[in-house]
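Small disclaimer: the values here were computed from a predicted structure and weren't measured.
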Amino acid sequence: QVQLVESGGGLVQAGGSLRLSCAASGRTFSSYAVGWFRQAPGKEREFVAAITWDSVRTSDADAVKGRFTISRDNAKNTVYLETNSLKPEDTAVYYCAAATRPYGSTWRLAQSSAYDYWGQGTQVTVSS
């Protein structure tokens, strides 16, 4: 079992930054990959970024490349998502998820089906 709790969301002006955190408990944190997804009102959930258990490989969605950075601190059981140069279209509920089952290649981490545990989400609102 894994429990995930997101924090750090809020209201920010366009061009601003937020640091989202995903605190994990339960299963050994350093043994699984973690991803961030987001869902805007009326839209499907979309992949944002993912990081493997050993931080060797990460992947980012094209919409956030160069603006968002995912990282993890295994000593603190936490994954971070640094969001910079925020745009109104980044407004969404941001979810972190854990992939504790074998997922094969790293590209699979862009698919929500690779994940078996999800947090409750944190709201990010970017005003223009």
Salt bridge (charged side-chain N to carboxylate O under 4.0 Å, His left out) partners for E89, two or more places apart: none
Selection residues 65-128 - residue pairs positive for disulfide bond (SG atoms under 2.5 Å apart), sequence neighbours left out: C22-C96
Gap separating the CG atom of D73 from the OG atom of S21, nearest 0.5 angstrom: 10.5 Å
For R101 against D116, the heavy-atom pair lying closest together: CG-OD2, 3.4 Å
Backbone N/O of Q120 and side chain of E6: donor-acceptor pair under 3.5 Å: yes
Lys/Arg cation over aromatic F29: R72, 6.0 Å, 45° cone: yes
Closest non-hydrogen atom pair between L20 and W36, with its separation: CB-CH2, 3.7 Å
Partners passing ring pair (Phe, Tyr, Trp, His ring centres under 6.0 Å) against Y94 (at least two apart in sequence or in another chain): none
Separation of S112 OG from E46 CD (nearest 0.5 Å): 12.0 Å
Pairing residues for R45 by the salt bridge (charged side-chain N to carboxylate O under 4.0 Å, His left out) criterion, not counting sequence neighbours: none
W53 reachable from L4 in the ILVMFWY side-chain graph, under 4.5 Å edges: no
Hphob cluster co-occupancy, Y80 + V34, side-chain heavy atoms under 4.5 angstrom: no
Residue pair Q13 / S127, side-chain donor-acceptor N/O under 3.5 Å: no
Any donor-acceptor pair under 3.5 Å from T122 side chain to G9 backbone: yes
Steps toward side-chain contact (heavy atoms from CB on, under 4.5 Å) verdict (T125, V12): CA-CA 6 Å; T125 303; V12 63; over 6 Å; no
Sidechain-backbone polar pair: K87 side chain, A14 backbone, donor-acceptor under 3.5 Å: no
F68 backbone acceptor or donor facing T83 side chain under 3.5 Å: no
For the student: nearest non-hydrogen atoms of A40 and T91, plus distance: CB-O, 3.6 Å
For Y117, ring pair (Phe, Tyr, Trp, His ring centres under 6.0 Å) partners two or more places apart: none
Salt bridge (charged side-chain N to carboxylate O under 4.0 Å, His left out) against D90, all qualifying residues, sequence neighbours excluded: R38, R67
Candidate pair F37 and Y95, rule ring-ring contact (aromatic ring centres under 6.0 Å, His included), full reasoning: CA-CA 5 Å; F37 289 76; Y95 300 90; 8.8 Å; no
N/O donor-acceptor pair under 3.5 Å between T78 side chain and K76 backbone: yes
Donor-acceptor pair, side chain of N77 and main chain of S25, under 3.5 angstrom: no
Straight-line distance of T69 OG1 to N84 CG, nearest 0.5 Å: 6.5 Å
Greater than 12 external heavy atoms within 6.0 Å of K43's NZ: no
Heavy-atom pair with the smallest gap, counting every atom of L109 and A99: CD2-CB, 4.1 Å
Distance (rounded to the nearest 0.5 Å) between N74 CG and S31 OG: 9.0 Å
Heavy-atom closest contact (Y32 atom, A24 atom, distance): OH-CB, 3.4 Å
Closest non-hydrogen atom pair, L81 against V48: CD2-CG1, 4.1 Å
